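Data first, discussion second: the structure below is written as structure tokens.
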Amino acid sequence: MKFDLQHTDSASWARAGVITTDHGTIETPIFMPVGTVASVKAVHFHELKEDIEAQIILGNTYHLYLRPGLEILEQAGGLHKFNGWNRPILTDSGGYQVFSLSANRKLKEEGAHFRSHIDGSKHLFTPENVVDIQRIIGADIMMAFDECTPGDAPYAYAKTSMELTHRWLARGLQHFDTTEDKYGYSQTFFPIVQGCVYPDLRRQSAEFIASQQREGNAIGGLAVGEPAEKMYEMIEVVNEILPSDKPRYLMGVGTPENILEGIERGVDMFDCVMPTRNGRNGMLFTSEGIMNMRNEKWKNDFSPLDPNGTSYVDYSYTRAYLRHLFISKELLAMQIASIHNLAFYLWLVKEARRHILAGDFVSWKKEMLTRVSRRL
RNA sequence: GGGCAGUUACCAAAGUGGCCAACUGGGGCUGACUGUAACUCAGCUGUCUUUCGACUUCGGAGGUUCGAAUCCUUCACUGCCCA
């Protein structure tokens, strides 16, 4: 993997760059649709490529390991061959499941003991075997196994948790560096900064992560219950330390507003379930603001979903029709909303990139911010 | 014409003397969702009130009772059966 930093904004920390992988290039800043179980829910790859213009998608180690399982993935020749997505794939390590499935796991020094949410069976994730699993999945970018600390964790817990993540990182890297790419193309490995909402911990973690000198670095443990302002503050603290010649990936973020704020602070990569999950639940993110498509007010609004929308669903379907589909629980509603939201997210980062290169990012971002966060 | 059963909120349907403004579904309205256990979850759904609470309701009218959606009389309507 290679990262070329093309331009850094003169009035902010915003950057434009290009990541090159063996499965193609990624223009940053980028938003990466989440495809947890080898599928971006409700969206075909054809739409993902042609209409949404996604350049890279996510998969999830924990979920893919449980289903379909490593044997199938290995037989298929890796995830790209299994699901037919021939562009880059990034896999989350399962660190987020340590957080979201916390009732079903126990953390120990060796790793995380899990109970499958599917059948209750017992499993152990270690920094080492999570590397092996991601090798077998065939991720272009693999993530370190970390503990995603809750946003409201007390200082002492956040510190202990961060230190565990650091020790796990050392083990994961050691294992990564002594194992080989599984399918002939290059696989890289990103470490993850933790430290919760505490600036000194974040600094300490960023220093440690930066010192590993990997091809890219991630910021984890944000947008997990802390106020947005705290998140922005932590991004600033961390990005001051993380190397500027490597891509910075803010994990699991976020709203269009969060993404604009992140870009302004020097983040290059984002992923989030919001455009797809919230889309399936009736929420549309548009260039004019946020709409709950189930609301009665769209009942007889026969205007396009988003007058500035870039995907075909925006001018093929009206608000009144999409509302009808949601109210009727039609599957098409989820498909339309997912396509629209993802296309909007990809449009947003593409525009951000364009304005960074043009040198007017800050004024554009300010204007865009007032529009995208509005409630329609 | 006779017999039997029934009529409860937007719909369906519990409730058969006080714990009932009335269970539960559905429908409707609103909200939540951030490295996806999520086509999920939560709240509201008689009127007024921010809350407390007050008021008006269970086909219509009248009655019994301290007290009625619940008991009685009568009327209306619906369904089934017999002529």
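All of these numbers come straight from a predicted model, not from anything done at the bench. Below, read A as the first sequence line, B as the second, and so on, with proteins coming before strands; counting in each chain starts at 1.
With hydrogens and angles ignored, no donor-acceptor pair closer than 3.5 Å exists between the side chain of Asn60(A) and the base of G35(B).
Base-pair partner of A21(B): not found among the strands shown (Watson-Crick or G-U wobble, both distances under 3.5 Å). Pair check for U74(B) finds G60(B); Watson-Crick or G-U wobble, both atom distances under 3.5 Å. Searching all strands for a Watson-Crick or G-U wobble partner of C52(B) with both distances below 3.5 Å returns nothing. Across the strands present, C80(B) finds its partner in G3(B); the criterion is a Watson-Crick or G-U wobble pair with both atom distances under 3.5 angstrom. Base-pair partner of U34(B): not found among the strands shown (Watson-Crick or G-U wobble, both distances under 3.5 Å). Using Watson-Crick or G-U wobble geometry with both donor-acceptor distances under 3.5 Å, C29(B) finds its partner in G43(B).
Atom NE2 in His63(A) sits about 11 Å away from atom C1' in A38(B), given to the nearest Å. Distance OH (Tyr65(A)) to P (A37(B)): 17 Å, rounded to an integer number of Å. Phe326(A) places its CZ atom 17 Å from the C1' atom of C29(B), with the value rounded to the nearest Å. Distance, Tyr62(A) OH to G35(B) P: 16 Å, rounded to whole Å. Atom CZ of Phe145(A) and atom P of G35(B) are 17 Å apart (whole Å). In this entry the distance linking NE2 of His117(A) with P of U40(B) reads 16 Å, nearest Å. Atoms CG (Leu64(A)) and P (U36(B)) sit 10 Å apart, rounded to a whole Å. G35(B) atom C1' lies 14 Å from atom NZ of Lys41(A), rounded to whole Å.
Leu58(A) comes within 4.0 angstrom of sugar-phosphate atoms only, judged by non-hydrogen atoms across all strands, and of no base. Residue contacts shown for Gly221(A) include a base, since a base heavy atom lies under 4.0 Å away. Arg67(A) comes within 4.0 angstrom of no nucleic acid atom, judged by non-hydrogen atoms across all strands. Counting any heavy atom pair closer than 4.0 Å across all strands shown, Gln194(A) reaches a base atom. When heavy atoms are screened at a 4.0 angstrom cut-off, Asn104(A) is found touching base atoms of the nucleic acid. Here Gln97(A) lies in heavy-atom contact (under 4.0 Å) with sugar-phosphate atoms only. Arg105(A) comes within contact range of no nucleotide atom at all, as no heavy-atom separation falls under 4.0 Å. Residue contacts for Ile118(A): at a heavy-atom cut-off of 4.0 Å it reaches no nucleic acid atom on any strand shown.
Between the C1' atoms of U47(B) and U74(B), the separation comes to 31 Å (whole Å). Taking the C1' atoms as reference points, G18(B) lies 34 Å from C29(B), given to the whole Å. Only the C1' atoms considered, C77(B) is 22 Å distant from U16(B), to the nearest whole Å. A69(B) and G62(B) are spaced 15 Å apart, taking the P atom of each and rounding to whole Å. The same atom, P, is picked in G79(B) and in U45(B); the two are 35 Å apart, to the nearest Å. C82(B) and G60(B) have their P atoms separated by 33 Å, with the value rounded to a whole Å. Atom name C1', nucleotides C11(B) and U7(B): the rounded distance is 15 Å, in whole Å. Across G15(B) and U24(B), the matching C1' atoms stand 11 Å from one another, rounded to whole Å.
Distances were taken from every side-chain heavy atom of Ser93(A) (C-beta onward) to each of G35(B), A32(B), U36(B); the shortest belongs to G35(B).
Distances shorter than 4.0 Å separate none of the side-chain N or O atoms of Ser100(A) from OP1 or OP2 on G35(B).
A donor-acceptor pair under 3.5 Å links the side-chain atoms of Arg353(A) to the main chain of Thr28(A), judged by distance alone.
Within residues 263-295 of chain A, the residues approached by RNA chain B to less than 4.0 Å at the level of any non-hydrogen atom are Asp271(A), Cys272(A), Val273(A), Met274(A), Thr276(A), Arg277(A), Asn278(A), Arg280(A), Asn281(A), Met283(A), Asn292(A), Arg294(A), Asn295(A), in residue-number order.
Here Lys297(A) contributes atom NZ and Leu376(A) contributes atom CG; the two are 7.5 Å apart, rounded to the nearest 0.5 Å.
Aromatic ring centres of His80(A) and Tyr185(A) lie closer together than 6.0 Å. Taking the six-membered ring wherever Trp is involved, the centroid distance between the rings of Phe114(A) and His123(A) does not fall below 6.0 Å. Ring centroids of Tyr65(A) and Tyr62(A) are separated by 6.0 Å or more, keeping the two rings apart. Proximity of the aromatic rings of Phe189(A) and Phe176(A) is defined here by a centroid distance below 6.0 angstrom, and this criterion is met.
Side-chain polar atoms of Tyr155(A) and Asp200(A) form a donor-acceptor pair below 3.5 angstrom.
In this structure Glu207(A) satisfies the salt bridge (Lys or Arg N to Asp or Glu O under 4.0 Å) test with no other residue, sequence neighbours excluded.
The shortest side-chain heavy-atom distance between Lys49(A) and Arg87(A) falls under the 4.5 Å cut-off.
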Indicate every side-chain donor-acceptor pair of residues 68-75 of chain A with a distance under 3.5 Å to a residue at least two apart or in another chain.
unit_1	atom_1	unit_2	atom_2	d
Glu74(A)	OE2	Lys182(A)	NZ	2.5

